[in-house]
Amino acid sequence: MAFTKDQLLARLQELKIEFLSCDHPAVMTVEEQAKYVGHLGGALSKNLFLKDKKHRLYIISALANTKVDLKILSQRLGLGKGGLRMAPEEALPEILHVALGSVTPFALINESARSVSLLLDKGFKSQRYCLFHPLTNEVTIALTPSDFDKFLLSIGREPAYVDLEDCPVVGKDNPPDLAYLVPAEALNLPGGADKVPPTSAPAQTNATLEQKTKQPTQKPKEPSKEQKQKSGKDKINADAVADSTNVEKFVEKVLEKVSNVFIAELSKQSNAVDGNIKDHMLEGVKQRVSSDLLSMTMTLKNSVYAQGFHAGMESTLYPLANKKIVERK
Amino acid sequence: MASTTGETLAAAEPIADGRTEEGEEEQVVNPWEVSAKGGKIDYDKLVDRFGCQRLDESLIQRFERITGRRAHVFLRRGLFFAHRDLSDILDAYERGEKFYLYTGRGPSSESLHLGHLVPFMFTKYLQDVFKVPLVIQLTDDEKCMWKGLSVEESERLARENAKDIIACGFDIERTFIFADFSYMSPPIYKNIVRIANCVTGNKIVGIFGLTLEDYGGKFFFPYIQAAPSFPSSFPHIFSDKYSKLRCLIPCAIDQDPYFRMTRDVAPRLSYHKPALIESKFFPALQGESGKMSASDPNSAIYVTDSLKDIKNKVNRYAFSGGQDTIEKQRKFGANLEVDVPVKYLNFFLDDDAELLSIKEKYGSGAMLTGEVKARLIEVLSEIVERHQRARAAVTEEMVDAFMAVRPLPRMFG
């Protein structure tokens, strides 16, 4: 359910947040926006919607004058050099539910944006008003920094203010200072994602396993070619772990291998058996044997897990057991 | 001091043993007794009386759309036929919000029959298609209270039953089995007391038909069956991140009273109401007069039956809707309404086309009772054989692992 501008403004009112609102024609740049709302005496914001190589998403909201160097920020986040790119266009309506030119921290009110990390220019804190688009670039609202924080807290976000112009040297003795702002989970763009509520605890970049939910086959949107190429490698890693313990996939692969070989042998023996009959036979065999294979494979999986579990228990208890014997001696 | 919601529920609560205002006994459906005048359970009346909803075609199609595969045969053929808030679970799932499954068994006997396996077979399907974790409660304490079993015997039966449950093919990576006697611990006990503080004795009497002559434990047990509906009962599985995780409970419809009570309590403890997906009762071999009974070995197919036993039971005891003689059968066809083999095939024969063909031929007289029974014997034998093979592979270590209080890190993987 995507939030509309009116719903957002209603929510601000519920939170007793006072704001000034100004309608204007759609604006695509800060310069254009300044023409219409400069008189409000607040700090205009430029909002970047970015992604990293692991498809984690970020909104960087900075004062219009702040220099934002993506290369430096990428290193400070622990993403290496050149790890930050503009997020794909499809992600705007898909994740933030806003149109091009309307990126705003307020988009994080949407459930779909739960895993998007927000970096705020610390310069906002000293401003009288901050100006943002309320989910549409045909309106600008101005609110105080503390009210803005209030809003963020209300959607479960801990406001993260950062000196965006700082350029510390990131190296062996200087770990990336913004690494804690990297989201814990990546979003599978577009379509289904493993939604995780935002945690105020810092998330380590390396430690998390990407968990991708199995895509239902009837999802209408197709990933763009660019995403397919980029996500290919990462997807292989994450899926490999999930696949290796997936009983249904295992049985499918086994049946396929056996079928292919069987068909090949059959064809060798007799060319008379035509393709259709072969397929039919295969389907029949698969249907009859699937249930048994699935059951047997699940039994194997559970047995193996049980053994591993007990080995784990024993290995933890072993040093303690040993210690006792030594002491008694 | 009952809250207003509580009182409204008590007023709307169907009289525990199904008597009408005139004192006439219609059908009795509660966790300890299922019977109906004339034999046949009126499920429409039951759904009305309980206040749950029918599972219709559109929901089944939704299942298929969301999961990307054909719905389970029990759904397609209407064995799981009623629900509470199932749409909410599906809505949430489509939004990316997960849920967990909760089901259970009262281990009153060592011998399980196919009717006992039904909710577990269906729960396994749900676990597979949604890739969600599952908790299974073995209510050894309940059987101790109601059946007068010793604590030790109840515990033993619980462990034995656990083996048959495991044999249904649950995934150990996302399944936690627990028995009340061994799992009772601070997290779940605290929830039990929180629940107990929301439900008066009067309410329990109203729902379960207990009297002051009954032992006190029976008043307390419903709170124990309710507690697993709340994720905080399992902190080793559900961290704070999942503190408000939704719960879906597959069960037979006679368990509805427990969860009506739980649903009433849930909002007061700031939890989602658990959703339910409910099944009819599996017909006994002798016909549609109630549940299969563990005390009558010929009323059901047991998981320990040999192929010979199955053949014998089906041929001798399965109530046939066919005509008395072959000539009559050829002429008039069978009464599919009362024929038990067809009912069983309805639930266990996955192939829609074949089932339709059997019904047509049997109903018109082209097929004889013997042939239908033979097909049923085949189908049942396959199921029982598979179960026995899986059961034989369940070791004590495997049971220990399933029942270990351990995290399930890949439970949504």
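Below, read A as the first sequence line, B as the second, and so on, with proteins coming before strands; counting in each chain starts at 1. From a predicted model like this one, the values you see are computed outputs, not experimental measurements.
F170(B) touches chain A through its backbone: at least one of N, CA, C or O sits under 4.5 Å from a heavy atom, while the side chain does not. Residue T297(A) does not touch chain B at all, counting heavy-atom pairs closer than 4.5 Å.
Just one of F80(B), F130(B), F348(B), F122(B) meets the ring-ring contact (aromatic ring centres under 6.0 Å, His included) condition when paired with H72(B); it is F122(B).
Contacts with chain B were tallied for M296(A), H310(A), Q287(A), Q307(A); H310(A) has the most, counting heavy-atom pairs under 4.5 Å.
In this structure, a donor-acceptor pair under 3.5 Å is absent between the side chains of D305(B) and H113(B).
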Show your working on salt bridge (charged side-chain N to carboxylate O under 4.0 Å, His left out) between K163(B) and E160(B) and close with a plain yes or no. CA-CA 5 Å; K163(B) 294 177 186 166; E160(B) 284 308 304; 3.1 Å; yes
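A cation-pi contact links K244(B) to Y271(B), judged by a cut-off of 6.0 Å to the six-membered ring centre and 45° from its axis.
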